[in-house]
There are 2 protein chains.
Amino acid sequence: MTGKPGKVTQREIARIAGVSQTTVSMVLNDRDGSNIRIPDATRERVRRAIEQSTYVADPAARRLAGLDNKILGVFTYESALSPESMDFYGPLLNGIERAAESLGCDLLFFTSSPVEEGRRRLFHRNTRLRLADGCVLLGQQMDGEDLERLVAESFPFVAVGRRDETDAPVPYVGIDYGALTGRLLDRAAELGHEKVLYLHRDLNSPTARDRLAAIGRAPGALAVAPFIVGDDLSDLPQVVARSGATAVFAEDAFLVEDAALVLADPSLSLAALAEVRGHRIGGRTLSGFHTPRQQVAAEALALLQQLISTPAEEHGGIEIQRLLQGEVALGETLILRGGTR
Amino acid sequence: MTGKPGKVTQREIARIAGVSQTTVSMVLNDRDGSNIRIPDATRERVRRAIEQSTYVADPAARRLAGLDNKILGVFTYESALSPESMDFYGPLLNGIERAAESLGCDLLFFTSSPVEEGRRRLFHRNTRLRLADGCVLLGQQMDGEDLERLVAESFPFVAVGRRDETDAPVPYVGIDYGALTGRLLDRAAELGHEKVLYLHRDLNSPTARDRLAAIGRAPGALAVAPFIVGDDLSDLPQVVARSGATAVFAEDAFLVEDAALVLADPSLSLAALAEVRGHRIGGRTLSGFHTPRQQVAAEALALLQQLISTPAEEHGGIEIQRLLQGEVALGETLILRGGTR
DNA sequence: CCGCGCTGCTAATGCGCATTATCGAGATCG
DNA sequence: CGATCTCGATAATGCGCATTAGCAGCGCGG
């Protein structure tokens with residue numbers, strides 16, 4: 001179904017130019033050397049034949065013949081283009097698109113991956129993964145097996161977001177939430193807070209662990225109590241009151257919003273240990289982080305390209321795990337202890 | 001660079017299962033018939049060998065061997081994933097993603113297409129177009145040559161948005177702006193308006209022409225005067241005053257917003273002859289259309305799939321130009337002539 | 001016991017491309 | 001004037017898969 005009628009091959013070009021298919025290939029790829037010599041006259045003749053026709057190289061054939069295809073795979077563990085996930089994926093996808101554009105690569109989205117147990121599977125009977133030169137993986141949580149297998153097959157890939165769920169070192173580009181969390185806690189201490197409640201879901205992702213670890217390293221003057229929340233936040237006010245916390249932090253901006261609705265106490269400081277762009281609490285800009293997502297995406301593609309174009313033996317020389325620094329966004333919800341600013 | 005080490009081929013499977021590569025292929029594709037007979041015992045043996053291994057078919061080879069690849073191309077004449085274009089492309093991309101998912105297809109974004117004269121080129125030296133079974137084209141304006149060539153090469157494709165810039169019939173799925181315009185004008189007439197000013201850019205797109213044509217067929221009681229605007233709207237108030245119009249319509253919601261800022265007259269009715277979701281004018285919901293963009297995308301993919309899976313000779317039996325009906329959104333800016341509602 | 005049909009499988013081929021190994025013809029040299 | 005070298009180009013091969021043609025073996029009827 002490759003549109004038989006309009007299909008022009010190198011053979012056809014060769015016939016027109018009165019040369020062999022080999023010669024056409026040579027001309028197209030600008031090959032030259034001691035063994036391959038084509039005078040400019042012939043080159044020109046072939047070139048004209050190509051320009052007269054509608055020839056385009058068949059990427060499948062190129063690929064089969066062992067060349068790179070300038071195609072990068074994009075795999076998302078959740079639907080990437082839905083309005084809900086745009087908030088998270090949008091900046092990443094934008095960064096990926098721009099990076100791919102400047103690298104001259106096309107992007108293959110693996111939308112066909114069948115959903116099993118609520119999550120997309122990267123490997124399946126008819127995965128088109130191999131069509132890509134390499135692949136970017138996106139998603140809050142990833143499948144350890146997928147990652148293992150990619151490493152085992154030495155297929156070039158880069159995860160977006162820090163990963164530590166496998167034994168083998170997984171290439172990733174992420175944001176240093178640990179450092180950000182530390183800086184935000186420092187700031188809270190400066191503002192006089194001594195007790196903070198940290199709300200989080202029971203998610204076991206690497207970044208969730210990073211945040212918790214950073215919390216464990218909180219400055220001495222600050223006591224941060226982690227608290228796992230479920231869907232029902234109705235008893236949160238009691239928990240806060242009992243803890244004596246003067247600030248409530250949460251894993252992400254949505255959780256802060258939910259908590260704020262229940263708590264309804266403007267003297268309480270609030271912050272999300274995550275991106276807060278576009279989030280407001282009762283008219284006040286939410287405190288938290290600004291994370292360079294486009295930059296993460298760009299860096300991920302750069303790393304991927306590097307992995308692809310470097311022979312596997314030399315991968316030792318590449319820094320395959322990269323954390324980018326974000327910045328603490330001091331919004332209007334993180335205030336002096338007890339004060340209203 | 002296809003990850004030599006981890007690559008498992010049918011040959012390898014055949015060796016393990018003690019059969020020929022042909023047999024493996026047959027088992028994988030569930031082929032059976034008078035000429036091809038494989039007892040269940042053998043089938044099972046092959047299947048086990050496959051499951052034990054990490055075999056995945058090489059899509060490039062499949063493609064080269066003449067099969068469909070379940071890959072649909074997505075070509076956008078502008079950057080698709082940037083924040084600015086998300087407003088327009090977002091719903092379309094979402095619809096495309098969902099449709100592709102249910103069709104079991106992957107999506108190939110041609111982000112690599114070089115930009116010439118401000119527009120992306122579909123055809124270029126290394127286009128990966130042919131890797132896809134077919135292609136969806138997105139963009140406000142398209143290149144007539146691209147369309148002609150796709151038709152000429154009988155490459156399956158569908159344009160999103162009505163097209164008429166070529167002689168050959170181009171497959172498209174669009175929104176019936178003509179009908180919508182007609183209905184909105186009827187409504188304006190009912191509300192007592194007799195003179196309307198229609199602001200538009202000097203864009204020569206099919207939908208722009210459709211709107212103008214529908215305006216030409218306005219009900220007798222209503223006189224609609226088209227007016228081409230540039231970037232500077234400062235003399236608009238005079239134009240409106242001189243025309244005696246009691247309502248100002250415009251090509252799109254942004255143009256209405258710009259005009260409203262300049263005109264600043266709440267007794268003037270306003271409407272966009274386009275999607276108005278998310279647009280407000282001075283706190284009032286803007287009147288205009290609600291267009292089923294996800295549906296357009298889904299329909300486009302359905303048509304594309306149909307074109308791909310139907311032999312070209314039978315394309316005559318397919319309705320390749322489809323207009324979907326939107327609905328008029330009667331917002332708060334289209335009011336009784338002279339009244340404030 | 002010879003042919004015939006059926007079963008179960010495989011060898012051979014081609015898809016379009018890149019690459020390797022040659023090859024014929026003329027130029028150069030000894 | 002035969003041996004060698006260079007130039008210009010090509011035939012042959014393989015990539016991994018699907019497909020077509022065909023082959024060996026066996027049972028069965030005549």
Applying side-chain contact (heavy atoms from CB on, under 4.5 Å) to B:Tyr89 and B:Ser82, what does each step give before you reach the verdict? CA-CA 9 Å; B:Tyr89 282 123; B:Ser82 68; over 6 Å; no
For a side-chain contact (heavy atoms from CB on, under 4.5 Å) check, start with the C-alpha distance between A:Ser113 and A:Thr127, then their side-chain angles and the critical distance, and finish with the verdict. CA-CA 7 Å; A:Ser113 292; A:Thr127 186; 5.6 Å; no
Evaluate the criterion side-chain contact (heavy atoms from CB on, under 4.5 Å) for residue pair B:Arg120 and A:Glu101; output intermediate values, then yes/no. CA-CA 11 Å; B:Arg120 276 190 182 156; A:Glu101 199 166 338; 3.4 Å; yes
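Residue whose closest nucleotide on DNA chain D sits further toward the 5' end, between B:Arg11 and A:Met26: A:Met26. Nearest-nucleotide mapping onto DNA chain D: of B:Asn35 and B:Tyr55, the residue sitting toward the 5' end is B:Tyr55. Along DNA chain C, the nucleotide closest to A:Gln10 and the one closest to B:Thr23 are compared, and the more 5′ of them pairs with B:Thr23.
Across all strands shown, B:Asn29 has heavy atoms under 4.0 Å from sugar-phosphate atoms exclusively, and none from any base. Backbone-only contact: A:Arg62 has heavy atoms under 4.0 Å from sugar-phosphate atoms and none from a base. Counting any heavy atom pair closer than 4.0 Å across all strands shown, B:Ala57 reaches sugar-phosphate atoms only and no base atom. When heavy atoms are screened at a 4.0 angstrom cut-off, A:Val19 is found touching the sugar-phosphate backbone but no base atom.
With rounding to whole Å, B:Asp58 atom CG is found 7 Å from D:dG16 atom P. Between B:Arg31 atom CZ and C:dC9 atom C1' there is a gap of 16 Å when expressed in whole angstrom units. Nucleotide C:dC15 holds its P atom 18 Å from the CG atom of B:Asp68, rounded to whole Å. A:Ile36 places its CD1 atom 8 Å from the P atom of C:dT19, with the value rounded to the nearest Å. Between the CG atom of A:Leu64 and the P atom of C:dG14 there is a distance of 16 Å, given to the nearest Å. Between the P atom of D:dA9 and the CG atom of A:Asp32 lies a distance of 12 Å, rounded to the nearest Å. In this structure, A:Arg37 atom CZ and C:dG24 atom P are separated by 16 Å, rounded to whole Å. B:Asp40 places its CG atom 14 Å from the P atom of C:dT7, with the value rounded to the nearest Å.
In the interface, the side chain of B:Thr22 is paired with the base of C:dA11 through a donor and an acceptor atom under 3.5 Å apart. Within 3.5 Å, no donor on the side chain of A:Ser25 pairs with an acceptor on the base of C:dT19, nor the reverse. Donor-acceptor pairing under 3.5 Å, judged by distance alone, is absent between the side chain of A:Ser20 and the base of D:dA11. Counting distance only, with no hydrogens placed and no angle test, the side-chain atoms of A:Gln21 and the base atoms of C:dA18 include a donor-acceptor pair under 3.5 Å.
Between A:Glu145 and A:Arg149, none of the side-chain N atoms (NZ, or NE/NH1/NH2) sits under 4.0 Å from a carboxylate O, so this pair counts as no salt bridge.
Closest heavy-atom contact between B:Ala298 and B:Ala99: CA-CB, 4.1 Å.
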